[in-house]
Participant: 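Just dropping this structure here.
By convention in this document, chain letters (A, B, ...) are assigned in the order of the sequence lines, proteins followed by strands, and residues within each chain are numbered from 1. As the structure is a prediction and not an experimental result, all values here were calculated from the model.
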Amino acid sequence: MHHPRAWLAAALVAGVGFPASLWAQEPAQGNALLIRAEHLIVKPGVVLENAQVSVKDGRIVAVGVDLQPLPGAQEVRGKWVSAGLIDAWSTLGVDPESVADGNVTPATRSADAVDPWLQAHLRREALRAGVVAVRAQAGLAARVGGVGAVVRLAEGLDDAQRFVARDAVMWATVGLGAGAPGGFQIVDGEFVQMPGQRGMDVFERIDMVDRLLAQVVAGRGYLVAMNEHKHELAEWKKKVSEKEAELEKDAKKAKKDRDKAESDAKEKGKPFEEKKYKEDFKKPADPRFDEDSEAWSLVADGAIPLLVHVNRDAELRALLAGLEGVGRLRLVVAGGAESARHAKHLAKQGVAVLVNALPMGSGRSDEYDAHDLSLAARLGKDGVKVAIGSGGMSPDATRDLALLAAQLVGHGLPRVDAMAGVTTNAAEVLGVERAMGTVEVGKHADLVVWNAEPLSTAASAEYVVSAGRVVLAPEQQ
Amino acid sequence: MMLATFLVLALGGGDVALRADKVWIDGSTSIDKGMVLVRDGRIVEVGAKLDLDEGVRVVECQGHLTAGLVALGAKVGVADAALDPTRPAMPEARVAHALCRDDAGFAALRAQGVTSVVITPEAAKLVPGATAVAKTSGALVSERAHLSVVFGASALSLNREPTSYARQGEMLSELFARPEGALLAAKRGQLPILFEVQSKPELRRAIEFARERKLTGALSGAPLAGELAKEIAESKLAVVVDAGGAGEPRREALAMVELAKAGVPFGFGLDGPRNPWQNLRLVAALAVRHGMPRQAAHDGLTRTAASIAGLSERAGVVKAGFDADLVLWSGDPLELSSAPKAVWIEGALVHGAVQ
Amino acid sequence: MSSRQANLTIAAFAAAFLCVAPAQAEKGKVGQKVSSVSAKKVYTGTGKVLEGGVVAISGGKIDSVSGGGSEEFHAITPGLVDLGARAGAILWSVEQSNEVTARLSNSAALDPWGLEWDRLVKSGVTTVLATPLDQNVVGGLSQVLKTAGEDSITARTVRKDSVLRGAMGQQPSQRNSPAFGRPTDFYARRPTTRMGVEWEWRSAFHKTALGQNEGGERETLMKALKGEVVLSIAAWTTQDIRTAVFAVEEIKQKELFRSQGLDKPRVVIDAAAEAWKEPQLLARSGIPVVLPPFTATGRTREGALLPRNAADELRKAGVVFALSAHGSGAYDSNLAVQAGAAMSGGLPFDEALKAVTSTPARLVGADARVGSLEEGKDADLALWNGEPFEPTSRVVAVIVDGVLVWDGRD
Amino acid sequence: MKQHILPGALACAALSILSVDALAGDGKIAIKAGRVITMNGAEIKDGVIVIEDGRITEVAAGAATRWDSELLDHPELTAFPGFVEAHTNRGMDRPNENLEVAPFLDVRDSIDPINFYFEDSLRQGIVALNIQQGPMCVVGAQGRVVRPFGMTVEDMTIKPDAGLKIVAGSRMGRSRATQAMMLRKSFTDVERYLVKLMQDEKDGKDAAKREALFQGRDPEKPENKEGRAMEGVAKWKLSGFEIVGRGLVDKKQEPMLRLVEGKLMAFVQCDGAASVHLALEVARHNGFLANTVLVLDGDSFKAVDAIAEAGVPVVLGPNMVWTERDPLNGKENETFIPSVFAGKKVRFALQSLNSTSQSLWFQAATCVSYGLDRETALASVTSTAADILRLGKRVGRLAPGLDGNVVLMSGDPLSATARVEYVVLDGELVYDRSKDPRAKQLLEGVEQPGAAQQGLPDEEVDPHSGQKKPAKNDKGDKTEKKD
């Protein structure tokens, strides 16, 4: 049963049918599990030797050294155990058309683009490589890609378990497509390069930043307007009930006066006129409902982080300056090829950077896509929180997330920061740090049992526990 | 550049001995706390305990010392000059003539531990010309290392002859029927051939062509070559595995492992569609992850690749008499988390530094 | 549908000596040799039909076809043969730099791992004629080969370079343009019309007879004119069919050809959609035809009309004909559906069976090995779960060279 | 404006030949046939079907000849209730609208009675077609079930308002994400519109009450509720909706209201398993799941468990075989879609592949070839299809009380060699093959003088060179787009 006002309030918080709780979804009920590990990576840099993790109803209930299995718990054993890796920049399991869709709006929910039957073999390989969840994002190259979701890769999960967060982040891009070359086509048997997109000059790119900032500010304005309206509506209701009480009180008197006036008028033969009733208060007009502004209000409110794919220095500076004023906004820079210069400023502002770890050939159109793999190290040195993504170029790159993280270690990033980049920092960047990223009591049970140290070359997952259930075991090879 | 203020050591001068935690002779043999004696750009002696006469400086290196990596197909230094569309076959063309020695790509390759590279012409014609082999210091080793012969569809077009596989086969047979110059050298087995192929039927036709004319060389460009590993092994041809990089489909990764199992000599190349220099070791790591033994992957980066490149007498192995192309890694070379701390080409430090 | 597993008696032979295609063993038996198989009805393709028969197989050949057996399938027919399968007719299968390339063979363009072979096998087709694309007047030599077996074209080939392929009509002249102005590529050449195409044919024949061409071209055209190689000419419409027949009859009557023994070409007209309009001409000339697939509206390429009773009309006129599905394996247009469509036009069942088995095999000279279930022939069998060519039944298993290459029973 | 211009002369000729002069007799006709397939129990040998005033009154074994009714006596033929095309967007002038949400439209305005599609369907023995709008929309027009014969749309109509077309799958210009957003938005818009309507009405009444109190009048009695409670089971059902007056709901939103109140059927098109999930979720949330029929395509069969659990019937796509490549060995694996649904006991109907050679009879026959039992296969194109369209009491069976539709065929409906000889619709003989000019051309190649060029050659695109072939035909313009 929906009382109209309740609906309006719910819509305000939930936006276009966003569920009230934005990130914590109830994981699976059911069986108990005990995982024994020679080395348990509780969180990057903290390793317990010969430790156990106890899981009940999809949650971690105990982490310790000499735990006893819960009654009826299934036991799983392995050399290394860590929290499942999260790929914050992937296109695995997302409908390719939606990823490439140009006319998405801020209110588009990428959760709708997740196709649980798609690329099943690639998802199995990613699980075998220890990646348990990815950010699903439609409109990856669109100016504003809409609201991304964090989705588990395991199969056979129902909707509640599949989404760690249906509406996790807002995705936007600035300055992309600086002259991407056209694709290659066979014309009459010849490999012919089609004309590419015209490059954007710096003014167009700065203009993109301004338009993005305008939308954030508008979202904030919409939020304020909604709150004000809620406020005014309450006030108006108070006044109405007061007025009604007052009228109810002297209704009898009014009735008497009216009868008298009516009889007088009849005597004098003049037509009887009702008393004029005026009210000095008016119902506040409902604000125009707009899904896009609803979505932006969530960003302005800090309910979901804003991920912006930006590479060049000019746009980055304009973006940081523009968003400085917006209070509770949680900004994350994605890509950030030239962000190393602003590392100190980013660290001070608490802005994290999502690095694209996929090495690209120098022949790329946008020279900023030829990622310099030492970017993560240089940012990390100055205290910037670095998350690592597989870059979303192709769905099967997610499988190699651990290798890409190891490669960043090879280019100067400390090993512990690389592990954080694919677990804790990735969870934080996506706003699901309370649900995933570490092996701590209360968090969802998304764990991987490895046959070797997670970032080593020969590492692969022997068991994967996702949403509290064993979703991958050795014999499923 | 993470430049520690260390002694930048040129090894070219007098004799120097490098001692590292581990010296990898090749993929399968390594010496703990091994030492390598270098004189005038060449390796003189390798062993666990060398009796050095005094005056020889011993440099302690933390990490693993290996031979320099060899990349088998990279368009470094030739930019877009690697193609001349005017005639279907130009056996005498040499990509070396278009080589720009101080291309930034060489520095990037050195930073990845690559010391020698085979530079190939664009495979868009029947016989695009000869490949070149260079050290990533810019020094040209050989102006004509292989003759590039294209069996793939990349040499076919609807507007120029040949427009069919049949005619392509016929024209190649005609070229080899009355060979002279580079073709004659190739027919006599003096010049190995780099067969550019893509699909499995093309690969099989190249093997057939080589068997009929007893040609030697390597097959390059077929991602699923491993699925015909037995036939390739019998043909005695080598395989250049193109480094697709992260996201390599599972079927192609397993095909690489099949090559190792069947004992086919293979090396890694950087001629793939996205050929960033970092991919050489990344694909080796991917192969190990899919079941390739570590020594096969290591040899694919060094020893076997050197023999395919025609450097079997001077590079790819830490052995007396070979060039002093050495790389000091911070850890196991097949772990991507290890980085090249120092790279020497013919005894000269060309990247990084040593305490 | 009997769900009990067929008790194909698996041969005791080790599979080793016949290097068997490492087909993934879907049902545990696929890829293994079969020694005997039986069905309620065995259509031998020679006209003889056995009610309840068994086919014994050894060494990839048929040992015997006899009564009895345990009726594992509803029906057995010989493996179907499709001459117009256009298998491997990819862009690079024909050398378009020249309009007449008789010497070139399309075997280099065939890919044993292609998906088209599995689709053909699943529709019951075990032998096809793989021809180059019809872009040239004379496209080149074609292969008769099996659709399953070892992953190698040479191993599957029944008759190598045994058919010379060419085309009449508009198709060969499509890319050409008149040569005035500066020609940019070799497509500024003859023929640009049907007349030009016909002229190319006749000039090729006459040059051969007059000794004005040499090398592989001459050799192949000589073989064609002597009948050592079958000449397959694609001709859809009435005028193209007539042109093809007249060109051949001209050769047979001219002294220039007769004197050199070049007057015995074995011609097959492929995709002869409007052959039904020329029954007498075809009967008189004795030239067999291959019909293209029936279409929903009756209209085929270049507006040629192919009604459902075309096959029956040709039968009545005594013209030898075969059916073709142009390589489609889809359930709505494969070779069995074409036979069903011909039957819906009045063609009796046994004629329809001949038109997809023995006749096509004979037309390309492969009837010594394929096309019917007789002792000594290759053990190529299509196994049905109902009456063949009825839409209510389909091929559920296929045996090629005595090996079970596909088993689709659930 | 009709897109294709049929030479006027021919149009009348074609129709008049077809509609044999209606048999005499006072609307009563008896049809005797050697074999009667009733789809309502056992077959009858040498049975008779009596039709009075367009309805079947009797179906029985060889009853005595009726003196007072016209007789159609064909012991050599098989009587059959005729096929039911459960979903198609052919037979219309333009199947798609460019309005994304247009539930107020009706396909009646786009159906083209003399389109060749209907003549082809009649020739293939189809007696009822569910015409729905094409897939290029979010919430489309009102569908209509018609019979393939009649000069006007009203003549042809069997059931108007046959349900709204909804598209859950992605389509040209709309990816899965944006289509899902638009689909949800079209329902939240209706909800928001109704809430505002009710809120304004309520505020109006409160203000009137205050004025009355002020003026000393007694407020109007609250019980004069001429509105109506919001019916249905939508999750967001509005309580207190009665205060909204009957005619206040805008004509453009009214069909959506009836949909969420469960008064309208919904044909939801899904192009894959993921869109099936979206369709079921939107249907449950907005209360029309009980009236939903899923029109499936692509790999929607993978969501068969969710469909079975939701208990909704489905109409399967024209292509009944789904192939997928195994990523490791490149081989193709086939799935026969109807078997998946038969296995899970989900009611399904089939669609024809094309309107001439591979119509519904061919699809049902193919089901039998893939192992489905004959009864289920035949039912999926006759009785079950009719039940799914909720016309079980009108078409799809030969039983007393149903419409007088009988198809007389020369053999078993599923055999390749059988042909439709006669078709009786509502007791009127409307088709006689011996008088059908186009059948002659298709089957016997007898080209009618001046007969319009029937459609384009199938191979509009040259199959192997892939180039578009300019189809020049000199006998008149293109009259039927090849679908």
Side-chain angles (χ1 to χ4, degrees), chain C residues 1 23-24 26 86 89-91 113 115 118-119 122 133-135 170-171 174-175 274 276-277 292-310 313 326-327 330-333 337 339-341 343-346 385-387 389-394 396 408-410, chain D residues 120 319-321 323 325-326 329-332 334 336 339 353-358 361-371 373-374 377 412 414-419 440-447 453-459 462-467 469 471-475 480 482:
Chain C
M1 225 298 296
Q24 221 183 4
E26 268 162 301
R86 284 153 169 69
I90 56 173
L91 207 53
W113 295 280
L115 285 177
D118 281 354
R119 292 182 191 140
K122 285 178 182 163
L133 212 54
D134 284 342
Q135 293 296 99
Q170 238 179 353
Q171 176 78 11
Q174 249 177 354
R175 291 181 66 81
E274 294 193 331
W276 61 278
K277 290 185 174 175
F294 293 94
T295 59
T297 58
R299 291 286 163 189
T300 60
R301 171 104 51 79
E302 294 169 28
L305 176 65
L306 175 63
R308 286 287 189 284
N309 68 343
E313 292 302 317
H326 281 196
Y331 74 89
D332 62 305
S333 55
V337 171
M343 279 164 63
S344 78
N385 66 353
E387 209 37 47
F389 310 146
E390 278 293 340
T392 48
S393 58
R394 69 188 175 99
V396 285
R409 286 166 298 167
D410 34 5
Chain D
D120 288 343
N319 197 328
M320 301 193 295
V321 172
T323 46
R325 281 194 71 172
D326 180 324
N329 59 25
K331 289 268 182 279
E332 273 188 336
E334 263 185 10
F336 187 66
S339 309
L353 201 54
N354 59 45
S355 61
T356 48
S357 50
Q358 267 88 24
W361 69 275
F362 182 83
Q363 299 282 70
T366 307
C367 286
V368 173
S369 76
Y370 274 88
D373 63 279
R374 185 187 155 86
D412 180 273
L414 299 185
S415 106
T417 47
R419 288 244 174 68
K440 284 217 169 5
Q441 174 177 324
L442 182 62
L443 302 179
E444 288 125 28
V446 175
E447 274 189 293
Q453 169 75 52
Q454 268 63 52
L456 276 171
D458 246 4
E459 272 145 337
D462 179 3
H464 24 80
S465 74
Q467 280 137 358
K469 162 100 198 44
K472 286 193 294 304
N473 46 60
D474 40 21
K475 286 207 178 63
E480 186 197 15
K482 167 80 186 62

Participant: For D:Asn319, which atoms come within 4.5 Å of any heavy atom of chain C: side chain, backbone, both, or neither?
Facilitator: both
Participant: For the atom pair OG1 (C:Thr392) and CZ (D:Phe362), what is the distance rounded to the nearest 0.5 Å?
Facilitator: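 If I round to the nearest 0.5 Å, the distance is 10.5 Å.
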Participant: What part of D:Tyr370 gets within 4.5 angstrom of chain C, counting heavy atoms only: side chain, backbone, both, or neither?
Facilitator: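 Both parts, heavy atoms under 4.5 Å.
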Participant: In chain order, what residues pass the salt bridge (charged side-chain N to carboxylate O under 4.0 Å, His left out) check against D:Arg374, with sequence neighbours excluded?
Facilitator: D:Asp412
Participant: Please report the shortest heavy-atom distance between D:Leu414 and C:Glu390, naming the atom on each side.
Facilitator: O-OE1, 4.2 Å
Participant: Taking all atoms of both residues into account, what is the closest heavy-atom pair of D:Ala416 and C:Ser344, and its distance?
Facilitator: O-CB, 3.2 Å
Participant: Identify the two heavy atoms, one from D:Glu444 and one from C:Pro307, that lie closest to each other, and give their separation to 0.1 Å.
Facilitator: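 Minimum heavy-atom separation between D:Glu444 and C:Pro307: C-CB, 3.9 Å.
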Participant: At their closest point, which heavy atom of C:Lys122 faces which heavy atom of D:Glu332, and how far apart are they?
Facilitator: NZ-O, 3.2 Å
Participant: Please classify the contact between C:Asp332 and chain D as side chain, backbone, both or neither, with a heavy-atom cut-off of under 4.5 Å.
Facilitator: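 For C:Asp332, the contact with chain D is made by backbone and side chain together.
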Participant: Could you tell me which portion of C:Trp276 (side chain, backbone, both or neither) has an atom closer than 4.5 angstrom to a non-hydrogen atom of chain D?
Facilitator: side chain
Participant: Identify which part of D:Gln358 has an atom lying under 4.5 Å from any heavy atom of chain C, answering side chain, backbone, both or neither.
Facilitator: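 For D:Gln358, the side chain is the part near chain C, not the backbone.
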Participant: Which residues satisfy the salt bridge (charged side-chain N to carboxylate O under 4.0 Å, His left out) test with D:Glu334, sequence neighbours excluded?
Facilitator: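 Salt bridge (charged side-chain N to carboxylate O under 4.0 Å, His left out) check on D:Glu334 returns nothing, list empty.
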Participant: May I ask you to name which of D:Ser369, D:Cys367, D:Ala364 has the most heavy-atom pairs under 4.5 Å with chain C?
Facilitator: D:Ser369
Participant: Calculate, to the nearest 0.5 Å, the distance between atoms CG and NZ belonging to C:Asn309 and D:Lys440 respectively.
Facilitator: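 So the CG of C:Asn309 and the NZ of D:Lys440 are separated by 11.5 Å.
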Participant: Looking at D:Asp373, D:Val368, D:Thr323, which has the largest count of heavy-atom pairs under 4.5 Å with chain C?
Facilitator: D:Val368
